[in-house]
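All remarks here apply to the structure that follows.
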Amino acid sequence: MKFPFHKNVVSENETAKIAKEFSKVLSPGDIVLLNGDLGSGKTFFVKRICSQFGINTVSSPSFSIVNEYHNGRKIVHFDFYRIKKIEELYDIGFEDYLMDDEAIVFIEWANMFAEILPGKNYEIEIKCANNSSREVFIKKNE
């Protein structure tokens, strides 16, 4: 996969193929930021990546804020949607999660607290083009 990446997709199957291809570039210590409208497919994208690592129990961390998964790889999955203050993230040890070089960290709604995120990351934006299609943008920030 070459970055920046952009593709229009019209099915979940196409989105799953992009997630599968993207999963091949990920390594422990990587941070993946996901942004997009409500219902655009951020959690679906994370689920499809995790399935490539044999993790099939992924659920949205909207209410728990963070979920952790283990199956040969450590996956940490955040959702900032319900966070009101940065202090809430510090209270749950957010900085420790970012420093974990054995984990791949996914952060949905990352743009809500962009000021506390590291500059080295993958940034994914999923835009709803209409009811049946999405635009997927992926860039690598170093």
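Positions are given from 1, in the same order as the sequence printed here.
Listed for the Asn67 side chain is a donor-acceptor partner under 3.5 Å among the backbone atoms of Ser59. With hydrogens and angles disregarded, no donor-acceptor distance shorter than 3.5 Å links the side chain of Asn121 to the backbone of Val32. Judged purely by atom type and a 3.5 angstrom limit, Glu88 uses its side chain to pair as donor or acceptor with the backbone of Lys85.
What you find for Pro118 and Ile31 is that their closest heavy atoms are CG-CD1, 3.3 Å. The minimum heavy-atom distance linking Asn35 with Lys42 is given by the pair C-CD, 3.7 Å. Taking every heavy atom of both residues into account, Leu98 and Ile116 meet most closely at CD1-O, 4.0 Å. For Met1 against Phe22, the heavy-atom pair with the smallest separation is SD-CD1, 3.8 Å. Taking each heavy atom of Tyr97 and Val105 in turn, the nearest pair found is O-CG2, 3.7 Å. When every heavy atom of Asn8 is checked against every heavy atom of Glu135, the shortest pair comes out as OD1-CG, 2.7 Å.
Rounded to the nearest 0.5 angstrom, Ile75 CD1 and Cys50 SG are separated by 4.5 Å. In this structure, Glu21 CD and Ile138 CD1 are separated by 8.0 Å, a value rounded to the nearest 0.5 Å. Here NE2 of His6 is found 8.0 Å from NZ of Lys127. Values are rounded to the nearest 0.5 Å. Summarising the geometry, atom NZ belonging to Lys2 is positioned 14.0 Å from atom NZ belonging to Lys140; distances are rounded to the nearest 0.5 Å.
Side-chain contact between Tyr90 and Glu95: present, with at least one pair of heavy atoms (C-beta onward) separated by less than 4.5 Å. Under the 4.5 Å side-chain criterion, counting only non-hydrogen atoms from C-beta, Lys120 is not in contact with Asn141. Side-chain contact between Lys24 and Gln52 is absent, with no heavy atoms from C-beta onward closer than 4.5 Å. Looking at heavy atoms from C-beta onward, Phe94 lies out of side-chain contact with Val66 at the 4.5 angstrom threshold. Side-chain contact between Phe80 and Leu33 is absent, with no heavy atoms from C-beta onward closer than 4.5 Å. Within the 4.5 Å cutoff, side-chain heavy atoms of Phe53 are placed close to those of Ser23. Using a 4.5 Å heavy-atom threshold, the side chains of Leu34 and Phe45 count as touching. In this structure the side chain of Ile65 never reaches within 4.5 angstrom of the side chain of Asp79, judged on heavy atoms.
For the residue pair Ser40 / Asp37, no side-chain donor-acceptor distance below 3.5 Å is found, with atom types taken as modelled. Side-chain contact, Thr15 with Asn13: no donor N or O sits under 3.5 Å from an acceptor N or O.
In this structure, Met99 places its CE atom where only 12 or fewer heavy-atom neighbours from other residues, nucleotides or ligands lie under 6.0 Å away. Within a 6.0 Å sphere centred on CD of Glu102, other residues, nucleotides and ligands contribute 12 heavy atoms or fewer. Other residues, nucleotides and ligands contribute over 12 non-hydrogen atoms within 6.0 Å of the CD atom of Glu68. For Phe5, the CZ atom sits in a packed shell: over 12 heavy atoms of surrounding residues, nucleotides or ligands are nearer than 6.0 Å.
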Decide yes or no on side chain to side chain contact (heavy atoms under 4.5 Å, CB included) for Ile104 and Val76, but give the supporting numbers first.
-> CA-CA 6 Å; Ile104 298 172; Val76 177; over 6 Å; no

Can you list the steps and then say if Ser60 with Thr43 is a side chain to side chain contact (heavy atoms under 4.5 Å, CB included)?
-> CA-CA 6 Å; Ser60 175; Thr43 302; 4.0 Å; yes

Begin from the C-alpha positions of Glu12 and Glu14 and carry the test side chain to side chain contact (heavy atoms under 4.5 Å, CB included) through to its verdict.
-> CA-CA 5 Å; Glu12 286 186 346; Glu14 285 183 276; over 6 Å; no

Could you walk me through whether Glu115 and Ile86 pass side chain to side chain contact (heavy atoms under 4.5 Å, CB included), step by step?
-> CA-CA 10 Å; Glu115 65 272 18; Ile86 288 175; 3.0 Å; yes

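By the criterion of side-chain heavy atoms lying less than 4.5 angstrom apart, applied directly or through intervening Ile, Leu, Val, Met, Phe, Trp or Tyr residues, Val46 is grouped together with Ile18 in one hydrophobic cluster. Criterion: ILVMFWY side-chain heavy atoms under 4.5 Å apart, direct or through other members. Under it, Ile92 and Phe106 are not part of a common hydrophobic cluster. If you chain together hydrophobic residues whose side chains sit under 4.5 Å apart, Val9 and Leu38 never meet in one group. Note on Tyr81 and Ile124: separate hydrophobic clusters, where clusters join Ile, Leu, Val, Met, Phe, Trp and Tyr whose side-chain heavy atoms are under 4.5 Å apart, directly or indirectly. Taken together through direct or relayed side-chain contacts under 4.5 Å among Ile, Leu, Val, Met, Phe, Trp and Tyr, Ile107 and Val58 form parts of separate hydrophobic clusters.
Ring planes of Tyr69 and His77: tilted class, angle from 30 to 60°.
By the 4.0 Å N-to-carboxylate-O rule, Asp100 lies close enough to Lys74 to be salt-bridged with it.
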